[in-house]
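Chain letters run A, B, ... following the sequence lines, proteins first and then strands; every chain starts at 1. Because the structure is predicted, anything quoted here is derived from the model rather than measured.
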Amino acid sequence: MKRNARYLALLGVLVLVIAACGDGADDGTTTTAEAEGTTTTAEAEAEETATTAEAEATTTTEAPPSVEAITACQVTDTGGIDDKSFNQTAWKGVTDAIDAGLATADSDFLESQSATDYQPNIQAFLDKGCDLIITVGFLLGADTETMANANPDQHFQIIDFAYEPGVADSVQGAVFGTTDAAFLAGYLAAGVTETGIVATYGGIQIPCAVTCFMDGFVYGVRYYNEVNGTDVQTLGWNPEDETGVFTGDFEDLAKGRAVTQSFVDEGADVILPVAGPVGEGSAALALELGDVWVIGVDADWFETLPQYEAQILSSVLKGLDVAVFTAIREVAEGTFEGGTRLYAIAEDGVGLGAINDDVPQPLQDEVAALLESLKEGSIVPGDQALS
Amino acid sequence: MSDEGTEAKENKEPKEPRWVERVAPKNVDWSSLAVIPFLAVFSALVVGAVFIIFTEGLGSVLPAYGALLRGAFGGWNSISETLLVATPLIFAGLAVALGFQAGLFNIGAEGQMTIGGLTAVIVGISFEGLPAVIHLPLALAAGFVGGALWGFIPGVLRAKTGAHEVITTIMLNFIAFRILDYILKQPFTQAEGRFDPISKDVLESARLPRILTWLPVEGVEMLRLNLGFILALAVAWIVYWILFKSTIGFEFRAVGANPDAAKYGGMAVTSAIILVMVLAGGLAGLGGSNETLGVLGRAFPGFTAQIGFDAIALALLGRSHPGGVVLSAILFGALRVGGRAMQVETDVGIDLIIIIQALIIVFVAAPELVRAIYRIKGGEEARQLTRGWST
Amino acid sequence: MRNVTKRFPGVVANDSVDLTIESGEILGLLGENGAGKTTLMNILYGLYSADEGEILVDGAVTKFDDPGDAIAAGIGMVHQHFMLVPVFDVTENVVLGVEPTVGPVGTIDMTEARREVQEISTQYRLEIDPSATVEDLPVGIQQRIEIIKVLFRDAEIIVFDEPTAVLTPQEVEDFFGIINGLKESGKGIIFITHKLGEILEIADRIAVLRRGKVVGEVVPAEATEEQLAEMMVGRPVDLVVEKEDADPGEVVLSVTDLLVRDDRQHTAVDRVSFEVRSGEIVGVAGVQGNGQTELVEALTGLTVPLSGMIHLGGENVTLVSPRFMHRNSVAHVPEDRQRSGLILDFDVAENLVLNSYYDEPYSHGIRMDWDYAHQHADQLIDQYDIRTPSSTVKVSSLSGGNQQKLIVAREFSRDTKLIIASQPTRGIDVGSIEYVHARIVAERDAGAAVLIVSSELDEILALSDRILVMYRGRIVAEVTGGEATATELGLYMAGLST
């Protein structure tokens, strides 16, 4: 059923592409990437809000012009390249690298239609001779391990997966300190709620990749309660016994909408969906209801989903693009290494995105101060008392 | 009537043995049976080429389709992948085609695959130490039974209450997905250390063994084609035999073509409907087992990957004939695997493949359109595959 | 129509046909099934286009691309199967597609429509209530609605395709009155039929079609039924069924107080009792829809009666399956061969084993023996003169007469103790009727008990040794075959005499 709708949508997209290409706007990336207008806008704005990691990267490339651009190839999970969060943000890292001259225009992605595609997609890129193969997501862990061990000389990066030492040492597993970033979002949510109830839900209960967001959010709310003597409740996740609300996939927007509706029915007025594109269902409902905030994840939703900006409180940024960009730079420079790499809040690997202008300045200042405390390590999420 | 007449007939016999007439009957409407699907595929590729011309320019058509062909069949790995993708499509396509033959529109192949794949996994992760010769058939049988159960429910509802199978199978799909989520979160099935619904790995003794590992070529360990493909071909043959060579199949087809006449002929229409749905469900269940016991080695939400829905298109393209289903499944597999190479080697995106598949279905579903384009004369009116909602 | 030729693959359906129709005239178009009558009329009505030749209306060459053009040129058609929406009322059905409208948004002006329908009804003495719901009306009245539809569209030439097939003898009389009225008001009428008596009665001129050609035009006063039949078939035809007097033996079928309800739970067969003996033909007369269908279904095991008993040769078979009846030498020629007697998509051999496939020698266990089935089919094709290129041809490509012969072959080629034949000659040509009738008599003479259900009075009268008349689910009369007249039976059938 969903597939049928997708055929139509894709026909439509292709028609748009025909129109777009009429004036010769062909920059060498694949057709689908072109069709995603958001990619290019996001890119442009990314230049302005460049994190320190990126700025650093850019300077490095400019210094030694001898660095040769590499071919970076990304295999998505079943969410697709245009998922408005996970895969799309990672792909932004590749396009940023192309713009910076670190990656060639030959860089490409393959979307996985099903779990059986992971391995052949990786194989296709091995055959193509990619310098770096980026596999996006926890779900590709097993297949990436198999393929990496069969091809020990190939550079692999996997997002959101940390192998035990000795399992797949040639793979660089990028993990993120999302607990810290979501901590800020939780504090902010507790600060703006009028009902005293906030909520979060996930797509699939994947340890850390999904649940760390939810942990941090809950801890942030608790910290707010501790500091301000309030009693804001969080629905949808209990970090202690690791139970909560999950929609079951990263694809079905209708489920996000339904879950959000039930949270709203229970009185919640701030929602953090940790479910990739499913979260857009929450944003759509929030826009209809009007007095419900949503917090974006992975990318800055003010940029990727501007149509909902009135109800976007802020976004928990996960520097997937930074991680991908960094890996490409390292391969180009010859400094790439396997092993687990943590992108923490201290080096802006994660963070909080723009905050809605309607949020009072004092609260915004408190959040900014909290960010500094987290970077220093003077506050550690999870240390807060249960409330 | 007269002796001369009979002799004259017998004299003709040697020239044209009866089996020739059975295999390729003269009166068969070849234009709708084989020509239309072939032209539908051809037309879809032509329209796809137009897309390529508009997006990438004229020069990209041949390289793109060349890459498509090479990616699908150029080399052992390509062939292995093509047939691997085709395998579950064959099972699910047979499940839908069998329903079509009996006038039933089985949209539930996805759910039947889900349950079948799940029951196969449950057996596949249990019984440690069982030899493969027992464990694997047991797991496959469990998959068949699971799917059959999921076909039995809409079959009974249709036969006994008249509830339309389109509605009930769609609803049962959703129920199947949720059951999968639930079962996979139980401690017995859930993979250790995981909190998301994903099963333990199927034991080696219940895995479908790979069948191309004996080839004397390099990278033989990457050839993932497994025994499931052979099984699928065998099952397709069995379905063919049942449909066209057995009394049961005669009943199925009679019930599908004209239930009133079937009843007149002394057939038990209600039990035929139930049996068709049970068998169809079982076939889809085998398709699900093929995935979980084969290439995936475990079950998780969405492992069916819409194959049950692609199967509907496939059964239409294959004209609900087991042979047609096998060919269509291999075509779909080739498009999917070749499309990957096409995207990697050229600038033409793999989404084109989805467009081509959709176009094939449009052309197959509108045979008059194809006839008009290629000016094929005659042909009977489009055969009604299912009965209307009112019956 | 001048020099009209229409070819279908392998067949010339119409071969240089010339046909004229003048206003105020009734042209009878006579021909066997497959003679090309329907094709010719479909060309006239714009459904097909002719390969050669032309159509002239009032002397001007006209081209019809679709029925809309034909209607605009004043040609109307009353089909054999009515094209009415049952839940709409008369006026709604009449104006469907050409609704008179008022106002800027085009609201349907039902008052005006009703007035016009009433006017037409009065003018032609059709006696129709414009507000009656169609499904409540008898078939004869529904046919009149079709006529009003045509008149509402200002038709000057009206084609009737087998209009009397669905009518009782009394309704046929009324119908003839109506078309005579139409004729008097200057309409040109084309009357398609295969019933010889009717055409002689009503037509001013008769054109006979055979194998796509007009083989003759005659004036009724100068023709006899035998002549017409010979022109149609191309050889002398025996119109009277030759049969000896019956010699009834022991009771084969005995029905006691049978009560059957139809799908909508209305009582269709109301406590009916009768017997059929071996060596006799019992005819059940009646207008269609008076319980005959349900009676036959109950007798053959297709429906379960609510109460009563059916005995076959002394054995209680009230609740048995169709398969049991078949295995016990009961042959059943079903009422609607295309709906329940045949599977049109299947080939000749498959249809010939439709109700015996489960037994040796057609199958062994669950394995069908198609080789044997085809040999068997070839034999029956020869024996019963079924005109088909081979046993692997789909029956949908056979003519109605040959389809019926196929059923007769399937049912009569076995041992037959009891034959239940429903509308055994409906819609088939004269030659085939002759054949089927002769077969039925032959089976009787061989000792079978025969029950014929037919709405064709001529058929009942020609075949039956005893006649039962059904009206509203009851048997209202029993008459001895030789003594009955059509008028007498017609009164019983209409419920006017008991």
Side-chain angles (χ1 to χ4, degrees), chain A residues 1-4 6-8 10-11 13-15 17-22 26 28-35 73 78 106 108-117 119-121 123-128 130 138-139 142 147 150 202-207 210-211 242-243 246 248-251, chain B residues 50-52 54-57 71 77 81 84-85 88 107 110 170 173 177-178 180-181 185 193-198 201 219 221-222 224 291 294-298 300-307 309-310 313 336-337 340-341 343-352 354-355 357-359 361:
Chain A
M1 300 288 95
K2 176 193 162 243
R3 174 65 57 86
N4 290 348
R6 211 166 151 191
Y7 289 146
L8 287 175
L10 283 163
L11 271 171
V13 166
L14 259 261
V15 169
V17 169
I18 293 167
C21 292
D26 191 343
T29 52
T30 66
T31 43
T32 319
E34 277 172 29
C73 302
T78 51
D106 211 21
D108 204 351
F109 63 83
L110 276 173
E111 289 180 296
S112 302
Q113 312 281 336
S114 72
T116 52
D117 283 350
Q119 200 174 314
N121 281 347
Q123 182 64 45
F125 281 144
L126 283 165
D127 296 344
K128 182 186 166 90
C130 297
F138 179 83
L139 297 174
M147 299 304 280
I204 296 174
Q205 188 173 353
I206 297 173
V210 170
T211 56
E242 298 187 323
T243 55
F246 295 89
D249 62 48
F250 292 110
E251 287 154 32
Chain B
V50 173
F51 275 104
I52 298 175
F54 272 99
T55 52
E56 304 294 333
N77 190 45
E81 284 297 317
L84 183 81
V85 174
I107 304 188
E110 187 84 358
I170 291 177
N173 283 345
F177 301 153
R178 294 290 83 83
L180 180 71
D181 287 352
K185 287 208 116 187
R194 293 289 286 259
F195 296 92
D196 53 325
I198 183 163
D201 286 359
E221 67 282 352
M222 298 306 300
R224 300 194 293 169
E291 296 297 271
V295 64
L296 298 173
R298 62 186 73 84
F300 45 84
F303 75 82
T304 46
Q306 310 275 334
I307 288 167
F309 298 123
D310 286 346
R336 173 109 158 260
V337 173
R340 182 181 293 133
Q343 165 153 353
V344 170
E345 289 179 29
T346 70
D347 282 343
V348 179
I350 198 167
D351 293 334
L352 183 75
I354 296 168
I355 291 175
Q357 279 187 11
L359 286 168
I361 301 316

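- Ranked by non-hydrogen atom pairs under 4.5 Å with chain B, the options A:D117, A:D249, A:V210 are led by A:D117.
- For A:F138, the part lying under 4.5 angstrom from a heavy atom of chain B is the side chain only.
- Atom-to-atom distance recorded for A:Q123:CD and B:E81:CD is 8.0 Å, nearest 0.5 angstrom.
- Put simply, of B:L296, B:D196, B:V337, the one with the most heavy-atom pairs under 4.5 Å next to chain A is B:D196.
- Of the listed residues (A:A124, A:P120, A:G202, A:P207), the greatest number of heavy-atom pairs within a distance under 4.5 Å of chain B belongs to A:P120.
- Taken to the nearest 0.5 Å, the CG atom of A:D106 stands 7.5 Å off from the CG atom of B:D347.
- B:N77 touches chain A through its side chain: at least one heavy atom from C-beta onward sits under 4.5 Å away, while N, CA, C and O do not.
- To the nearest 0.5 Å, atoms CG (B:D181) and CZ (A:F246) are separated by 12.5 Å.
- Checking each of B:E291, B:Q306, B:R336 against A:S114 for a side chain to side chain contact (heavy atoms under 4.5 Å, CB included) leaves exactly one that passes, namely B:R336.
- Chain B forms more heavy-atom pairs under 4.5 Å with one residue of A:Q205, A:E242, A:K128 than with any other, namely A:Q205.
- Between atom CD1 of residue A:I206 and atom CD1 of residue B:I198 there is a gap of 9.0 Å, rounded to the nearest 0.5 Å.
- Atom-to-atom distance recorded for B:I350:CD1 and A:Q113:CD is 6.0 Å, nearest 0.5 angstrom.
- Here the closest non-hydrogen pair linking A:I204 and B:P197 is CG2-CD, 4.1 Å.
- Distance check, rounded to the nearest 0.5 Å: CD of A:E111 to CD of B:Q343 gives 7.5 Å.
- Two residues are said to be in side-chain contact when any heavy atoms from C-beta on lie closer than 4.5 Å; B:V295 and A:Q119 fail this criterion.
- There is no contact between B:F177 and chain A, counting heavy-atom distances below 4.5 Å.
- Shown here for B:V344 and A:L110, the closest heavy-atom pair between the two residues is CG2-CD1, 3.7 Å.
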